[in-house]
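Note sheet for the following structure.
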Amino acid sequence: MPNKQSGYTLASLAVALFIIAILYLNVNRDNQVRMNVVAYDTVVLSAEVLSKAVNTYYFANCSLGTTMPSPSVNDLISDGYLSSADSIYNNLDLILTPQIVDPGTPDSLIYITTNAPDSSVAQQIVDQTTNASRYGSTVTFTYKPSTSNTYNQTRVSEMKRYFGESYCR
């Protein structure tokens, strides 16, 4: 009787292991891409939270007009506009810095700035939103102080009633 070989050959096992390794690497790479996108999204969300705190600070200090200072994160926490630094934590552990430009004027803006580890990460963060720009590895989120929510509309109408048209814009 001829000796008949049964089972898998070494070559077929090697091909199967190679295919499994390629699939594993693709799945692992896709998971890393998803995790990076989530990390970039947390930076955008943190900037949104900080901008809301600065916006509330802006209206509370409206009477200072053009002399209104830009608050630091610590100022916002100590004055009760943010509960803690954890409120603006992001997965990349980036430090966010608020700035109010042209306070008390119709051209006032709120800038939230951070420095990404490198320009490619900065670009990925900018790609997650429409109100961000980058210069090198510096990312700047731009917000207009809002007067559209109910609290702010009420506050502005009260200020108009008591002080005339010289309210914050």
Side-chain angles (χ1 to χ4, degrees), residues 30-169:
D30 289 345
N31 286 339
Q32 186 62 42
V33 168
R34 281 190 211 101
M35 288 174 55
N36 286 345
V37 169
V38 168
Y40 305 143
D41 283 344
T42 64
V43 174
V44 173
L45 180 62
S46 295
E48 292 280 334
V49 169
L50 184 56
S51 76
K52 299 290 185 200
V54 174
N55 192 58
T56 305
Y57 167 90
Y58 182 89
F59 279 101
N61 293 286
C62 196
S63 62
L64 297 175
T66 57
T67 62
M68 182 187 312
S70 292
S72 69
V73 170
N74 287 336
D75 293 336
L76 294 169
I77 293 169
S78 65
D79 292 343
Y81 299 106
L82 282 174
S83 58
S84 70
D86 289 340
S87 303
I88 57 169
Y89 172 79
N90 57 77
N91 290 356
L92 296 178
D93 205 23
L94 300 180
I95 297 170
L96 302 171
T97 306
Q99 180 185 12
I100 299 173
V101 178
D102 295 329
T105 70
D107 298 324
S108 62
L109 292 172
I110 297 171
Y111 291 137
I112 307 295
T113 306
T114 190
N115 290 313
D118 57 53
S119 60
S120 66
V121 170
Q123 186 60 51
Q124 292 295 325
I125 294 169
V126 168
D127 289 345
Q128 300 302 311
T129 186
T130 59
N131 66 326
S133 60
R134 79 167 179 90
Y135 181 77
S137 63
T138 301
V139 177
T140 302
F141 298 90
T142 305
Y143 302 90
K144 181 80 175 147
S146 173
T147 58
S148 63
N149 69 35
T150 306
Y151 171 78
N152 289 340
Q153 286 176 341
T154 302
R155 180 133 168 92
V156 167
S157 66
E158 287 173 351
M159 292 176 75
K160 277 184 179 180
R161 188 171 54 238
Y162 293 116
F163 304 111
E165 290 296 321
S166 63
Y167 62 92
C168 288
R169 301 182 199 283

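The chain is numbered in sequence order, starting from 1. All of these numbers come straight from a predicted model, not from anything done at the bench.
Across all non-hydrogen atoms, the minimal contact from Asn55 to Pro145 is OD1-CA, 3.1 Å. Across every non-hydrogen atom of Pro69 and Ile100, the tightest pair is O-CD1, 4.3 Å. Shortest non-hydrogen contact noted between Ser119 and Ser137 is N-CB, 3.9 Å. Minimum interatomic distance between Tyr40 and Gln124 (heavy atoms only, all atoms of both residues): CE1-CB, 3.3 Å. Contact record, Pro98 with Pro71: CG-O, 3.1 Å, taken as the closest heavy-atom pair. Here the closest heavy-atom approach between residue Gly136 and residue Ala122 is recorded as O-CB, 3.8 Å.
Residues Leu50 and Leu76 form a side-chain contact, since some pair of their non-hydrogen atoms from C-beta on lies under 4.5 Å apart. Counting heavy atoms from C-beta on, the side chains of Thr42 and Leu92 never come closer than 4.5 Å. Proximity of Ile125 to Phe141: side-chain heavy atoms (C-beta onward) are separated by under 4.5 Å at one or more points. At least one side-chain heavy atom of Leu82 sits less than 4.5 Å from a side-chain heavy atom of Val49. Residues Leu96 and Val73 fail the side-chain proximity criterion, which asks for heavy atoms closer than 4.5 Å. When side chains are defined from C-beta on, Val54 does not count as touching Ser70, because their heavy atoms never get closer than 4.5 Å. Side-chain contact between Asp93 and Tyr89 is present, with heavy atoms from C-beta onward closer than 4.5 Å.
Side chain to side chain, Thr138 and Asn115 meet the donor-acceptor criterion of an N or O pair below 3.5 Å.
Take Ser83 and apply the side chain to side chain donor-acceptor pair (under 3.5 Å) test, not counting sequence neighbours, and it matches Ser87. Every residue two or more places apart in sequence or in another chain that forms a ring pair (Phe, Tyr, Trp, His ring centres under 6.0 Å) with Tyr81 is listed here: Tyr57. Annotation: side-chain contact (heavy atoms from CB on, under 4.5 Å) contacts of Gln123 (sequence neighbours excluded): Val126, Asp127, Arg134. In this structure, the side chain to side chain donor-acceptor pair (under 3.5 Å) partners of Thr129, at least two apart in sequence or on a different chain, are Asn131. For Thr142, the side-chain contact (heavy atoms from CB on, under 4.5 Å) partners at least two apart in sequence or on another chain are Leu109, Tyr111, Thr140. Taking Asp118 as the reference, Ser120 meet the side chain to side chain donor-acceptor pair (under 3.5 Å) condition, with sequence neighbours excluded. With sequence neighbours left out, Asp75 forms a side chain to side chain donor-acceptor pair (under 3.5 Å) with Ser72.
Remark: Asp79 CG to Thr56 OG1 distance equals 12.0 Å, nearest 0.5 Å. Atom OG1 of Thr105 and atom CE of Met68 lie 10.0 Å apart (nearest 0.5 Å). Rounding to the nearest 0.5 Å places CG of Asp102 at 6.0 Å from CG of Asp107. Atom CD1 in Ile95 sits 12.5 Å away from atom OG1 in Thr113 (nearest 0.5 Å).
The main-chain N or O of Ser108 is found under 3.5 Å from a side-chain atom of Lys144 such that the two form a donor-acceptor pair.
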